[in-house]
Amino acid sequence: MSHPGATATDRHKVVIIGSGFGGLNAAQALKHADVDIKLIARTTHHLFQPLLYQVATGIISEGEIAPPTRLILRKQHNAQVLLGDVTHVDLETQTVDSVLLGHTYRTPYDTLILAAGAGQSYFGNDHFAEWAPGMKTIDDALELRGRILGAFEQAERSSDPERRKKLLTFVVVGAGPTGVEMAGQIQELSDQTLKGSFRHIDPTEAHVILLDAAPAVLPPMGEKLGLKAKERLEKMGVEIQLNAMVTDVDRNGITVKDKDGSIRRIESSCKVWSAGVQASPLGKDLAAQSDTEIDRAGRVIVNPDLSIPGHPNVFVIGDMAFVPGVPGMAQGAIQGGKYVAAIIKNEDKARQHGTKPKPREPFKYFDKGSMATVSKWNAVAQIPLGEKTKFEFGGFFAWLAWLGLHLIYLVGFKTKVATLLSWAVTFLSRQRGQLTITEQQAYARTRIEELQEIAAAVQEERAS
Ligand SMILES: Cc1cc2nc3c(=O)[nH]c(=O)nc-3n(C[C@H](O)[C@H](O)[C@H](O)COP(=O)(O)OP(=O)(O)OC[C@H]3O[C@@H](n4cnc5c(N)ncnc54)[C@H](O)[C@@H]3O)c2cc1C
């Protein structure tokens, strides 16, 4: 194990795992701190996950929501960005192991911030992923774009009405914000952008189904907004199926169990999974070495100061952490990152002056509300007014608020301008600028899995 390129100094070493909302904000908030930061992430970019569905449905390009972390931090000289998949944190030796192209690097830390986020959860049925990809990464979004547009292409070449019906049936599992946004966009893509562009099929006949085991759409946003979103989607032509639990997913469709116990099939070649999340397995790694506990979703149950029990220099933030009252949303991660950076700065200053640091105040989450787009010009939004009251609204003004907020939080001026232009194209003309698909996009997951199986078999053979 080695760490080439590392610059050894006597300064306090802060290692951050993850370049998402939590990790990036923590690093940026430490800009003027007298510390050495190493930000290790498995991707070279900072990903704005809330707009992944627009990449999947051809509105914007992947570059618009995934600027390189290295360039974002270019002028921050106390930060070094390192590419690598973190496989282990050793709490005793205070080191982090990360792997890049088969080589393991060991990085020492004085303070560690874990912000590795969460992945898709299939509730113990990981084999569903092959036929119903989730939407957590750029790879996922491009694969879904390939599958959605690929289904239309195959339908155009099919003379079998049953097969055409299956190809033109799109099922989105999970009626949370991502599911609602995805279903609405597949419907608009079929009805508006693709309309008239095929000769054998009519894309407007595509059947989009949004399905959930829960009895409501958008449960975290409450009954009123859930109903608004449901009505709008139904008006657009999306079929909503509630109290419907998916029991199996295969190449040709899904099997569903309804509330009354009856089992039925939906034949569909393109399925999207947006039903659950599972925190990074690094939480389990911490729990195995300390008194740290994790919840059912794999989230680390942190102390009020976001550190873990017995290790005040190890913080867990964002989607990886369980903090009562803090939702798994971008704001939770952003505010957690800034809070932890403030503690590090305060304690480092005290260390340098040989004084006692100010005691740590517990992390306080400021709820800025939540919103979800349903279709072009239409969104639902919830803004808290004080402790108990919430201002809820839907329609065009909610959509404008959604647009403004997303522009504010996108990282980088160029990114904001490019996204605004893409939105103008789509919203004003019904066209989409990013409808390119490649064979690799649509089939890469299966091929990568095959390659991984071959590599594992070779390793096993060598070992025996
Ligand atoms: C499709 C979708 C839509 C969403 N929409 C909204 C929305 O509208 N509003 C909202 O507030 N929130 C939304 N969210 C939730 C929001 O994106 C997350 O809450 C937020 O990203 C959490 O930030 P994080 O820093 O904890 O994790 P992430 O942003 O997920 O970042 C995790 C980072 O860790 C890296 N990483 C993971 N494992 C490793 C490893 N082993 N080694 C090295 N690096 C690793 C990843 O590459 C990534 O850089 C959405 C999420 C998704 C998936």
Side-chain angles (χ1 to χ4, degrees), residues 15-27 38-56 65-66 68-69 81-89 96-100 105 107 113-121 133-141 144 172 174 176-182 185 218 220-221 272-285 298-300 306 315-323 326-337 340 367-373 379-382 402 405-406 409 411:
V15 170
I16 301 174
I17 303 175
S19 59
F21 286 106
L24 183 66
N25 275 277
K38 299 213 182 302
L39 186 148
I40 310 173
R42 59 157 65 127
T43 62
T44 56
H45 52 258
H46 161 71
L47 178 59
F48 193 86
Q49 288 176 344
L51 291 178
L52 271 174
Y53 78 96
Q54 295 201 352
V55 174
I65 58 163
T69 319
V81 177
L82 297 165
L83 180 62
D85 198 337
V86 173
T87 50
H88 178 56
V89 169
V96 168
D97 288 351
S98 53
V99 178
L100 178 62
Y105 299 85
T107 312
I113 305 174
L114 280 110
Q120 208 71 60
S121 168
M135 215 175 25
K136 282 281 172 189
T137 63
I138 290 288
D139 280 335
D140 291 340
L144 279 169
V172 180
T178 304
V180 164
E181 288 168 340
M182 202 57 200
Q185 278 316 306
L218 289 178
M221 296 189 80
V272 183
W273 192 267
S274 62
V277 291
Q278 183 70 25
S280 160
L282 291 173
K284 214 169 163 190
D285 190 30
R299 292 176 302 174
V300 174
L306 308 187
F315 298 94
V316 183
I317 60 171
D319 282 5
M320 259 197 88
F322 170 77
V323 186
V326 182
M329 287 172 63
Q331 273 303 322
I334 293 171
Q335 293 177 30
V340 165
D367 185 0
K368 294 188 176 174
S370 51
M371 42 185 64
T373 39
V380 287
Q382 193 178 58
W402 168 90
L405 257 182
H406 280 71
Y409 283 105
V411 174

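Start at 1 and go down the list; that is how both ligands and their atoms are numbered.
The protein non-hydrogen atom at the shortest distance from atom 15 (C) of ligand 1 is Gly328 O, 3.7 Å. The shortest contact between atom 40 (C) of ligand 1 and any protein heavy atom is with Asp85 OD1, 3.4 Å. Scanning all protein heavy atoms for the shortest distance to atom 47 (O) of ligand 1 gives Arg42 CG, 3.3 Å. If you check which protein heavy atom lies closest to atom 30 (O) of ligand 1, you get Gln49 NE2, 3.2 Å. Atom 20 (C) of ligand 1 has as its closest protein heavy atom Phe21 CD1, 3.6 Å. Remark: minimum distance from atom 5 (N) of ligand 1 to any protein heavy atom is reached at Pro50 CA, 3.4 Å. What sits closest to atom 27 (O) of ligand 1 on the protein, heavy atoms only, is Gly117 CA, 3.3 Å. When only non-hydrogen protein atoms are considered, atom 31 (O) of ligand 1 lies nearest to Gly20 CA, 3.3 Å.
With atom 33 (C) of ligand 1 as the reference point, the heavy atom nearest to it among Gly23, Ala115, Pro327 is part of Ala115.
Using a 4.5 Å cut-off on side-chain heavy atoms (C-beta onward), Ile113 and Ile17 make no contact. The closest side-chain heavy-atom distance from Met135 to Trp273 is not below 4.5 Å. Using a 4.5 Å cut-off on side-chain heavy atoms (C-beta onward), Ser19 and Thr43 make contact. Looking at Leu52 and Ile138, their side chains come closer than 4.5 Å, going by heavy atoms from C-beta outward. Counting heavy atoms from C-beta on, the side chains of Val326 and Gln335 never come closer than 4.5 Å.
Heavy-atom distances between Ser280 and ligand 1 stay at or above 4.0 Å for every pair. At a 4.0 Å cut-off, not a single heavy atom of Pro177 sits close enough to ligand 1 to count as contact. Using 4.0 Å as the threshold, Ser370 has no heavy atom nearer than that to any atom of ligand 1.
At least one N or O atom of Asp319, backbone or side chain, sits closer than 3.5 Å to an N or O atom of ligand 1. Close N/O approach between Met320 and ligand 1 is not found [any backbone or side-chain N/O within under 3.5 Å]. Taking distance alone, with nitrogen or oxygen atoms compared against 3.5 Å, Glu181 stays at or beyond that limit from ligand 1. Considering both main-chain and side-chain atoms, Ala330 comes within under 3.5 Å of ligand 1 through a nitrogen or oxygen pair. Considering backbone and side-chain atoms together, Ser19 places an N or O closer than 3.5 Å to an N or O of ligand 1. Any N or O atom pair closer than 3.5 Å counts here, and Leu282 shares no such pair with ligand 1.
No donor-acceptor pair closer than 3.5 Å links the side chain of Gln278 to the backbone N or O of Gln120.
Ring-centre distance between Phe48 and Phe21: below the 6.0 Å cut-off.
Atom NE2 of residue His406 and atom CE of residue Met371 lie 8.0 Å apart, to the nearest 0.5 angstrom.
Side chains of Thr373 and Tyr53: a donor-acceptor N/O pair is present below 3.5 angstrom, by distance only.
With a 4.0 Å cut-off on non-hydrogen atoms, Ala116 touches ligand 1 through its backbone as well as its side chain. Within the 4.0 Å heavy-atom criterion, both parts of Val86, backbone and side chain, lie near ligand 1.
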